[in-house]
Amino acid sequence: MNEVQLPIRQTERRLVVEGLVTDSPFPWVRLTYTGYYNSSNPAPPELVINDALVVIRDDQGRTVRLVPDPFAPAYYGVRDSSFVGQPGRSYTLLITLPDGSRYQSKPERLNPVPVLDPLRANYRRGISELGQPDFYDVLIDTKDPPELGNYYRWSTLVYIWRWVKYDPQHNSDPRCTCSCWVPTVGPPTDVLSDALINGNRISGRVVFSSPIYSVGAQYAQVNQFSLTKAAYQYWQLFEQQRTRTGSLFDPQPASIEGNVRAVDDTTKLALGFFGASAVSQRRLTIPGDTINYDKFLIRSQRRFILPTGSCYTNFPQFLLVEPQGWPPR
């Protein structure tokens, strides 16, 4: 499949800000400019901002400076791990770009978040006639507080066992790195307001449907974030844009403006959002040992085994050993 080159509208470039401070160490910020990105060059040097002055300030006047990450272009983090967001405090992002222009976010309050109950996973059959794999639906349970006005976002990471060229029991090339765990993430826009469920349990919410491409364990991690109302509305709009179908009935696409704007010209807004959140995290090991190996190969017709190459050539990120820190099978 060849990459299609489409004409790009020439518009004035804009600052794009992504960032988060949580009640865990190491807040982060990513700074780029709008422009032309493609799959072969996801971070063009001319659009990456590595030499800005980036500061986070709380509502008590405490500040911390974020410094460029030497291994991740456009990312900024802290060297002082003692800086941790506190529930109830509000945080503001201050940016001075290399050309001297200054940007500032609106204050974001760090709201507490309920604790996640242990994760669950349900096996679900895919539609084989459509070429679908089967799935593990990862489900969460939690309890919404009695006060109205709570907003949530979930992010999911799953390490999925993948095969290349051969399945492990029929690998005729011992030199081939043909089996590995590949990290897969869910969309960042899984959000919920408690307007209709205030004070009740959130039970069995599917936060990720993990495809089963092979017989083996999968490792799931779910983060549950608290949101302000402004952050919830931003992610809602982001999801609406992400899931546009391109039909005549879709609204016209537009830039989703976040909560960061220029200090000297408040009509000049950046794209993206700087947020503050508490986090509750859970991990789950899905054993995969209930799937019959031979029946899986027959039913899938080996179509989920990548035909050529190795883990090195097919996946930008992968693990050859099981990820550490997950509960035992």
Side-chain angles (χ1 to χ4, degrees), residues 17-29 56-64 82-93 104-121 137-157 185-208 220-243 256-261 272-284:
V17 178
E18 304 165 77
L20 186 66
V21 57
T22 72
D23 56 354
S24 300
F26 305 114
W28 62 272
V29 169
I56 295 175
R57 181 181 67 205
D58 69 15
D59 55 1
Q60 294 184 327
R62 184 187 177 193
T63 62
V64 63
S82 66
F83 184 89
V84 175
Q86 301 294 326
R89 300 263 68 85
S90 294
Y91 296 88
T92 300
L93 178 65
Q104 180 172 318
S105 74
K106 293 181 180 179
E108 273 286 291
R109 179 182 171 87
L110 198 157
N111 294 322
V113 71
V115 174
L116 274 174
D117 292 349
L119 303 179
R120 299 180 284 137
D137 288 334
V138 179
L139 300 94
I140 62 98
D141 302 279
T142 192
K143 178 68 168 64
D144 182 66
E147 303 82 16
L148 186 64
N150 294 286
Y151 304 92
Y152 303 94
R153 182 170 72 89
W154 291 276
S155 70
T156 306
L157 163 69
V185 297
T189 51
D190 186 5
V191 297
L192 178 71
S193 165
D194 71 348
L196 299 179
I197 51 94
N198 182 53
N200 294 313
R201 288 194 60 78
I202 302 172
S203 298
R205 181 182 177 91
V206 177
V207 293
F208 190 73
Q221 174 180 294
V222 176
N223 288 331
Q224 178 169 275
F225 297 95
S226 59
L227 297 178
T228 61
K229 184 177 182 180
Y232 170 74
Q233 292 172 336
Y234 171 84
W235 287 112
Q236 268 198 319
L237 289 173
F238 193 101
E239 176 66 4
Q240 290 174 14
Q241 293 276 38
R242 189 184 73 86
T243 56
I256 305 173
E257 296 172 340
N259 61 345
V260 180
R261 63 183 65 213
F273 198 90
F274 172 73
S277 171
V279 183
S280 178
Q281 183 184 98
R282 286 281 190 176
R283 286 180 169 180
L284 171 69

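Index from 1, following the sequence. Because the structure is a prediction, the values reported are computed rather than measured.
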Between atom [atom1] of [X] and atom [atom2] of [Y], what is the distance when rounded to the nearest 0.5 Å?
| X | Y | atom1 | atom2 | answer |
| --- | --- | --- | --- | --- |
| Y232 | D194 | OH | CG | 9.5 Å |
| L227 | R153 | CG | CZ | 6.5 Å |
| Y234 | E239 | OH | CD | 12.5 Å |
| D59 | S90 | CG | OG | 5.0 Å |
| R57 | R62 | CZ | CZ | 14.5 Å |
| D117 | T142 | CG | OG1 | 6.0 Å |

Spell out, as yes or no, whether a donor-acceptor pair under 3.5 Å connects the side chain of [X] to the backbone of [Y].
| X | Y | answer |
| --- | --- | --- |
| Y91 | L20 | no |
| K143 | I202 | no |
| N150 | E147 | yes |
| T228 | R109 | no |
| N111 | G88 | no |
| S226 | A278 | yes |
| R205 | D141 | no |
| N200 | D144 | no |
| R89 | D58 | no |

Nearest heavy-atom neighbours spanning [X] and [Y]:
| X | Y | value |
| --- | --- | --- |
| N198 | P146 | ND2-O, 3.0 Å |
| Q224 | I140 | OE1-CD1, 4.2 Å |
| N223 | Q281 | OD1-NE2, 2.9 Å |
| F225 | S155 | CE1-OG, 3.4 Å |
| D23 | P87 | CB-CD, 4.5 Å |

Is any side-chain heavy atom of [X] less than 4.5 Å from a side-chain heavy atom of [Y]?
| X | Y | answer |
| --- | --- | --- |
| Y151 | Q233 | no |
| F83 | V21 | yes |
| L139 | V207 | no |
| V113 | V279 | no |

For this session: Take K106 and R261 through the test side-chain contact (heavy atoms from CB on, under 4.5 Å) and record every step on the way to the result.
Result: CA-CA 8 Å; K106 293 181 180 179; R261 63 183 65 213; 4.3 Å; yes
Exercise. Should the ring pair W154 and Y152 be called parallel, tilted or perpendicular, given that the plane angle runs from 0 to 90° and is split at 30 and 60?
Worked result: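 If you compare the ring of W154 with that of Y152, the planes turn out parallel.
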Problem set entry | Test side-chain contact (heavy atoms from CB on, under 4.5 Å) applied to F274 and I56, step by step | CA-CA 10 Å; F274 172 73; I56 295 175; 4.1 Å; yes
